[in-house]
Amino acid sequence: MPTSSAEGPVTRPHLPLRPLWLCRACAAPWPCATARLTLIAEYAHDRIALSVYLCAVLHEATADLYRLAPDEGPAPAALFARFLAWVPRPEAQP
């Protein structure tokens, strides 16, 4: 895959590599920092939709990761922190 073009460097999207749930671009646990920033920007006007999307992804990731390591699967608290805890909450209306 080319690393640059006439217009500048070619970047790969920070998407999950399933069933490992690692970032295809940087190999960090997905969602990596870049994926998180991208998702926040993409869902800037609908944080509830972002949370719903990430809940669905969390469900899929849990199934995949437990299938890979059924005896020592990831801790539920760690999965929550990885997929949902970082999402900015909508501002409370007075």
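None of the values given here were measured: they were computed from a predicted structure.
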| Sequence neighbours excluded, every pair satisfying salt bridge (charged side-chain N to carboxylate O under 4.0 Å, His left out) that has a member inside residues 22-45 | none

In the single-linkage hydrophobic clustering (I, L, V, M, F, W, Y; side-chain heavy atoms under 4.5 Å), do [X] and [Y] co-cluster?
X: L37; Y: L54; answer: no
X: L15; Y: W86; answer: no
X: V52; Y: L50; answer: no

| Any side chain to side chain donor-acceptor pair (under 3.5 Å) pairs touching residues 53-64, not counting sequence neighbours? | R18-E60, R18-D64, W21-D64, D64-R67

| request: With the side chain counted from C-beta on, respond yes when P74 and Y66 share a heavy-atom pair under 4.5 Å apart, and no when they do not. | output: yes

Shortest non-hydrogen separation from [X] to [Y] and the atoms involved:
X: C32; Y: C23; value: SG-SG, 3.7 Å
X: P31; Y: L39; value: CB-CD1, 4.5 Å
X: S51; Y: V87; value: OG-CG1, 3.8 Å

| request: Could you list the residues that satisfy side chain to side chain contact (heavy atoms under 4.5 Å, CB included) with A49, not counting sequence neighbours? | output: Y43, D46

| field | Sidechain-backbone polar pair: R82 side chain, W30 backbone, donor-acceptor under 3.5 Å | value | yes

